[in-house]
Protein chains: 2
Amino acid sequence: MTEEEFLRGYNIGDYERPSVTVDVAAFGVSGEKCESYRKDGNKSISLLLVRRGCHPFKGCWALPGGFLRPGETVEESAFREIKEETGFVPRSLMPIGVFSSSGRDPRGWILSNAFVSIVGEEGVRASGGDDADEARWFRCSLDDEGGGFFGLSLSSGDISLRARLERTAVLFGRSQFRIADGGGLAFDHALIIATAFSILRGVAENFDVLFDFLPEKFTLSSLQKVQESILGVSLQPANFRRKVERFVDETDEFQGGAGHRPAKLFVRKARR
Amino acid sequence: MTEEEFLRGYNIGDYERPSVTVDVAAFGVSGEKCESYRKDGNKSISLLLVRRGCHPFKGCWALPGGFLRPGETVEESAFREIKEETGFVPRSLMPIGVFSSSGRDPRGWILSNAFVSIVGEEGVRASGGDDADEARWFRCSLDDEGGGFFGLSLSSGDISLRARLERTAVLFGRSQFRIADGGGLAFDHALIIATAFSILRGVAENFDVLFDFLPEKFTLSSLQKVQESILGVSLQPANFRRKVERFVDETDEFQGGAGHRPAKLFVRKARR
DNA sequence: CAAATAGTGTCTCTAAGACAATATCAC
DNA sequence: GTGATATTGTCTTAGAGACACTATTTG
């Protein structure tokens, strides 16, 4: 039998297939506005969630996402979904894994390809599109409770969600979690969020990763703030600048109007 | 409508779904045997391929892999497939991404979840199982040809394959490739292999990753050899030992019988 | 003893961290 | 001028790389 003959007789529908979705954990680093017009907001990190407008988990908060469509790559699908549900087009999306345990979706055999993005909180419209009726930023933290357990806290105004995860292993430098308490989030999204956050922390010291989330031109302070928000630390500007100078080129442009000395804009140094 | 009512009326078959496969790039670091009985083999890295026993790409060399089955996670599926096709059970499998571009499989809409493993070349049986009729180690290298092109060379005895990839981007520290010439490999496996190899190079300096590929007890030389094989460099034993000592604990056991001073066995230091 | 790998000691140099000081803007 | 961030300089110290040396095994 030739390959052509084989393909003529091959029917892909003869085999059981899963459905495939994408979910996007979009983290924002802009921080809350401050009392003083010229003081920067505190370093903080937040996560974009949408309230589900239809079953299952109707009314629950969830990551923006949806089903992969024929002819799309998973990356294209992730960009489409976050745009549809939040109106925002992220600069880039980092894949963080496939979630495929059975029972993760009550509708049946459904895998999720998860992505992470870092975005400014501006540009995301308050209310979502078709299958999500609201999009909101939640202040986000993942705290080590000891004994292998971690608490995932998400809060936005009067809404407060808290999930608990158990760390089952650390493989290839990545924590593997199991949901102890989903905290009211849809599907296994507590697991995806915890995984996303811990991966982001693990790679945030890598400038190659951070640059892909930033605009083309940026100030060194903004870069520093992104790193500080993700890692939850405070860095000395002098040391930070010295560490990063190998990776950036300065431009002639400045960013002013902030009530203090204007900051020079930098671009990522061309790859060696 | 309640969620129960929704789920009763929901038919997952109403929507188009892809088929989902797993593919495993298993790299071996043992190197060829040497002329002298007591000299170590040269540092080299090889890749396990199987010759496809059925259509499509019948007779072509391919990564071990196959279709995801209901009730399996993609990780479980990857372990099952490599065991079925090569008889080998790797210590662990690192996920490296989902390949989902349309046209990557002539049978239709089929995604592949790819994994990497590092194994000793012992323990892999020469001939494969059901849907693969032969498994072989190929010497493997990925060379920068300049102009954004890379050559992927695979050779095993009289068989020699050479594929060409074009680097289209570097995102999150990972090279993105496009196949310029598949080199006779099945499907888009040239792309998967190049991606796997370049990711492995990127993370090989991270001991957390290397330990997950090694046996529980190992000599520092073997750890050094793994790193040298992947990175394609030669390291000073003194410096290597100093660098790694924070991450390992020594045991009372030794590995001897090699015609020279026996080496102490080490274990990975317990996580802080 | 010879050959090979296992393992140690020491020097240099780079780069990260601490911390102090100066520069420049909007108001 | 005031208050804020932007930017630079210097001292100290941890760690990576180079390299010479010693230790221990099998044949």
Side-chain angles (χ1 to χ4, degrees), chain A residues 29-43 204-207 217-229 231 233-267 269, chain B residues 29-43 204-207 210 217-229 231-267 269:
Chain A
V29 290
S30 75
E32 72 275 43
K33 286 291 154 279
C34 203
E35 59 290 346
S36 161
Y37 79 100
R38 43 185 171 174
K39 192 169 178 179
D40 280 1
N42 284 330
K43 290 131 196 165
E205 294 189 69
N206 184 343
F207 290 114
K217 292 173 184 173
F218 50 84
T219 66
L220 295 190
S221 315
S222 68
L223 177 60
Q224 183 180 342
K225 193 172 156 194
V226 169
Q227 201 175 63
E228 289 175 328
S229 302
L231 297 177
V233 297
S234 199
L235 305 169
Q236 305 277 344
N239 301 335
F240 182 84
R241 299 176 88 83
R242 205 155 10 87
K243 188 159 57 169
V244 85
E245 72 183 350
R246 283 178 295 163
F247 302 103
V248 298
D249 285 321
E250 59 180 30
T251 68
D252 294 333
E253 296 172 59
F254 287 83
Q255 189 174 75
H260 49 75
R261 177 172 172 176
K264 186 168 273 191
L265 288 169
F266 289 77
V267 294
K269 185 165 281 186
Chain B
V29 290
S30 74
E32 72 273 44
K33 285 290 155 277
C34 203
E35 58 290 345
S36 160
Y37 80 100
R38 45 184 168 175
K39 192 170 178 178
D40 280 2
N42 282 331
K43 291 129 192 165
E205 295 189 67
N206 184 342
F207 291 113
L210 293 186
K217 292 174 184 173
F218 50 85
T219 64
L220 295 191
S221 314
S222 70
L223 176 61
Q224 183 180 343
K225 193 171 154 193
V226 169
Q227 200 174 65
E228 289 176 326
S229 302
L231 297 177
V233 297
S234 199
L235 306 169
Q236 305 277 344
N239 301 335
F240 183 84
R241 300 177 87 84
R242 206 156 10 88
K243 189 161 55 169
V244 85
E245 72 182 348
R246 283 179 295 163
F247 302 103
V248 297
D249 285 321
E250 59 180 28
T251 67
D252 294 333
E253 296 173 58
F254 287 83
Q255 188 175 72
H260 49 74
R261 178 171 171 176
K264 185 169 272 191
L265 288 168
F266 289 77
V267 295
K269 186 166 279 185

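Model, not experiment: these values are computed from the prediction. Order of the sequence lines sets the chain letters (A, B, ...), proteins ahead of strands, with each chain counted from 1.
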Whole-Å distance separating the CZ atom of B:F254 from the C1' atom of C:dG7: 11 Å
Sugar-phosphate, base or nothing in reach of B:A238, heavy atoms under 4.0 Å: base
Whether B:E228 side chain and B:L235 backbone form a donor-acceptor pair below 3.5 Å: yes
Point-to-point distance, once rounded to the nearest 0.5 Å, from CD of B:Q255 to CZ of B:F266: 12.0 Å
Heavy-atom donor-acceptor pair, B:N239 side-chain to D:dA18 base, under 3.5 Å: yes
Candidate nucleotides D:dT24, C:dA16, D:dA20, ranked by approach to the side chain of B:P262 - the nearest: D:dT24
Nearest-Å distance for atom pair CD/P, residues B:E205 and D:dG15: 17 Å
Contact under 4.0 Å: A:R261 side-chain N or O vs C:dA23 OP1/OP2: no
Touch class at under 4.0 angstrom, heavy-atom based, for B:P237 against every strand present: nothing
Phosphate contact (D:dA6 OP1 or OP2) by A:S221 side-chain N/O below 4.0 Å: yes
5' priority, DNA chain C, between A:Q236 and A:G257 [closest heavy atom]: A:Q236
Closest listed nucleotide, where the reference is the side chain of B:K243 and the choices are D:dA16, D:dT7, D:dC19: D:dA16
Whole-Å distance separating the CZ atom of A:R246 from the C1' atom of C:dA16: 10 Å
Result of checking B:K269, B:K264, B:R241 against B:E250 for salt bridge (charged side-chain N to carboxylate O under 4.0 Å, His left out): B:K264
B:F240 CZ to C:dA6 P, straight-line distance once rounded to whole Å: 12 Å
Nucleotide D:dT25, atom C1' - distance to NE2 of B:H260 in whole Å: 8 Å
d(NZ, B:K264; P, D:dA23) in whole Å: 16 Å
Aromatic plane relationship, A:F207 with A:F240 - under 30° parallel, 30 to 60° tilted, over 60° perpendicular: perpendicular
Rounded distance in Å - CD (A:E228) to C1' (D:dT5): 13 Å
Side-chain heavy atoms of B:K225 within contact of B:V29, under 4.5 Å: no
Integer-rounded Å distance: C:dA16 C1' and A:R241 CZ: 16 Å
Distance below 4.0 Å between B:R242 side-chain N/O and D:dA18 OP1 or OP2: no
